[in-house]
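Each ligand, and each atom within it, is numbered from 1 in the order the structure gives. Only this structure's heavy atoms are used, side chains among them; waters, hydrogens and symmetry mates stay out.
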Amino acid sequence: MPNGLTHLYVPGPTNIPEAVRRALNVPMQDHRAPDFPDLVLPLLADLKKVFGLGSGRVFVYPSSGTGAWEAAITNTLNRGDRVLMARFGHFSQLWADMAEQLGLDVVCVDVECGAGVPLAEYERHLSEDKTIKAVFATHNETATGVTSDIAGVRRVMDATGSDALLFVDAVSSLASIDFQQDGWGVDLAVTGSQKGLMLPAGLAMLGVSVKALEAAETSTMERSYFSFQEMIKTNDVGYFPYTPPVPLLHGLRASLDLLFAEGLPQVFSRHHRLAEGVRRGIDSLGLSLCAVAPQWYSDTVSAIRVPEGVDPAEVCRIAYHRYRTAFGAGLSTVAGTVFRIGHIGDLNEVMCLSALASAEMSLADAGAKIELGAGVAAAQNHYRAASSGGESDGAIGRLTPAAPGHRGDLR
Ligand code: PLP
């Protein structure tokens with residue numbers, strides 16, 4: 001029998017805090033009971049805060065994040081609508097595939113691996129083509145560890161006078177990387193429960209602007225299960241149009257309570273600090289990230305290029321079987337060149353150090369010529385400096401001092 005913990009460093013599903021795990025374990029409950037709205041209404045109101053949404057509304061569906069992609073499209077667009085998208089990894093590719101399958105006229109910009117939403121290309125398309133009805137952006141491409149500039153997308157849309165709807169995939173960024181739905185003028189933001197919200201998969205969530213809600217009133221695309229209209233009618237009085245996953249809603253309550261207790265700005269700075277330590281570790285091992293420049297570095301996942309002759313799938317296999325560590329596999333176009341360390345959700349410094357230690361051993365066992373301990377030491381130096389409020393030497397990324405008031409608690 002294996003001893004100790006199996007370590008989970010995939011970029012979702014993420015580690016579930018003990019308080020959330022306990023909250024999930026509830027006796028089954030009548031979802032039409034008179035007091036059910038006492039759970040639902042505050043949840044919907046609090047989720048809006050996580051999206052950074054003042055007006056508009058949120059929707060919660062029993063589904064994985066992919067369902068939120070579909071709900072966003074089918075509720076607000078019409079078959080044949082021209083939409084602008086960019087492909088730069090597995091998930092942005094899949095969203096574009098879905099848009100095509102649903103009958104949209106997709107203008108898709110292909111971006112070099114390791115970069116994100118191409119603002120100049122978006123600007124060019126939006127200036128030349130006034131028929132574009134929606135602009136799509138994957139905030140954090142989980143396959144390549146690339147974060148895009150959503151405020152920049154909004155700037156480009158405004159500069160070109162575009163009145164298109166802005167759709168953003170925030171599946172691996174919400175509740176871990178700064179996200180401001182109102183501030184960035186995002187009309188439809190989508191996420192899933194198994195990432196920054198630290199829950200099992202099973203809830204698809206959308207933040208929807210007033211403009212998108214208005215579009216939903218006239219959109220003609222076929223929809224049934226994901227219809228906003230059906231949800232609105234029942235949500236307004238604290239219920240759902242069908243049986244909701246009650247334990248997940250209790251888990252969500254506990255997860256939001258933890259996030260608010262830590263403070264969202266502190267959650268973002270913790271993710272940044274932890275990610276920066278991992279990046280320094282990777283750099284000290286002589287390895288590079290898939291993300292081609294610091295502007296793209298993701299604070300929730302690092303996709304790491306393995307040295308020539310090393311098989312990243314073998315690194316993951318060794319990590320899993322020999323060292324009881326789950327790393328993210330390379331997906332689609334980067335399958336043969338990267339493995340991923342997820343640093344999202346309920347994590348702290350020492351957990352990231354153990355991820356690096358395990359990665360070092362697995363890489364060395366898979367044939368990489370690296371110096372054992374070099375990555376861990378670099379991250380240790382960063383975490384020590386950051387916890388005393390300062391910066392360590394030789395920044396390779398976007399290092400910021402530890403956020404004031406961060407409690408750094410171990411839950
Ligand atoms: N978008 C991104 C950026 C993701 O990382 C994922 C899943 O990892 C998805 C969409 C799809 O979400 P799900 O697997 O919950 O359907």
Side-chain angles (χ1 to χ4, degrees), residues 8-16 51 59-74 85-102 108 111 113-117 136-150 153 166-179 186 188-207 225-226 245 248 251-252 255 271 275 290-291 296-303 316 326-335 338-345:
L8 187 62
Y9 299 112
V10 296
T14 62
N15 294 284
I16 301 181
F51 280 98
F59 294 96
V60 179
Y61 293 96
S63 162
S64 80
T66 303
W69 278 351
E70 184 163 333
I73 292 174
T74 55
M85 305 183 86
R87 265 191 299 238
F88 41 86
H90 183 72
F91 295 102
S92 44
Q93 165 84 58
L94 286 180
W95 208 11
D97 291 349
M98 177 189 275
E100 272 177 1
Q101 285 157 11
L102 291 172
C108 201
V111 177
C113 180
V117 175
F136 285 64
T138 298
H139 187 202
N140 190 73
E141 173 50 82
T142 322
T144 57
V146 160
T147 301
S148 287
D149 175 9
I150 304 301
V153 177
L166 175 55
F167 286 59
V168 176
D169 175 334
V171 172
S172 58
S173 60
L174 196 85
S176 35
I177 297 173
D178 186 22
F179 192 84
V186 176
L188 292 123
V190 303
T191 199
S193 47
Q194 75 277 22
K195 310 271 185 182
L197 290 167
M198 308 174 289
L199 289 162
L203 296 179
M205 285 153 280
L206 295 94
Y225 180 79
F226 286 121
L248 284 175
L252 180 59
S255 145
H271 278 81
C290 183
W296 304 115
Y297 289 172
S298 163
D299 283 343
T300 57
V301 52
S302 294
C316 289
F327 290 127
L331 297 174
S332 301
T333 48
V334 291
V338 310
F339 74 102
R340 295 170 299 150
I341 298 182
H343 30 78
I344 168 169

Parallel under 30°, tilted from 30 to 60°, perpendicular over 60°: which one fits the rings of Phe226 and Tyr61?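 Phe226 vs Tyr61 ring planes: perpendicular.
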
For [X], side chain to side chain donor-acceptor pair (under 3.5 Å) partners two or more places apart:
| X | answer |
| --- | --- |
| Thr66 | none |
| Glu70 | none |
| Asp178 | Gln180 |

Any donor-acceptor N or O pair under 3.5 Å, side chains Asp97, Gln93: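 Per modelled atom types, Asp97 and Gln93 side chains form a pair under 3.5 Å.
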
Just to be sure I understand the cut-off, which residues have at least one non-hydrogen atom under 4.0 angstrom from an atom of ligand 1?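 If the criterion is a heavy atom under 4.0 Å, then ligand 1 touches Ser64, Gly65, Thr66, Trp69, Phe91, Asn140, Thr142, Asp169, Val171, Ser172, Gln194, Lys195.
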
State whether the side chain of Lys195 and the backbone N or O of Gly345 hold a donor-acceptor pair below 3.5 Å, judged by distance alone.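 Flag not set: sc Lys195 to bb Gly345 has no pair under 3.5 Å.
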
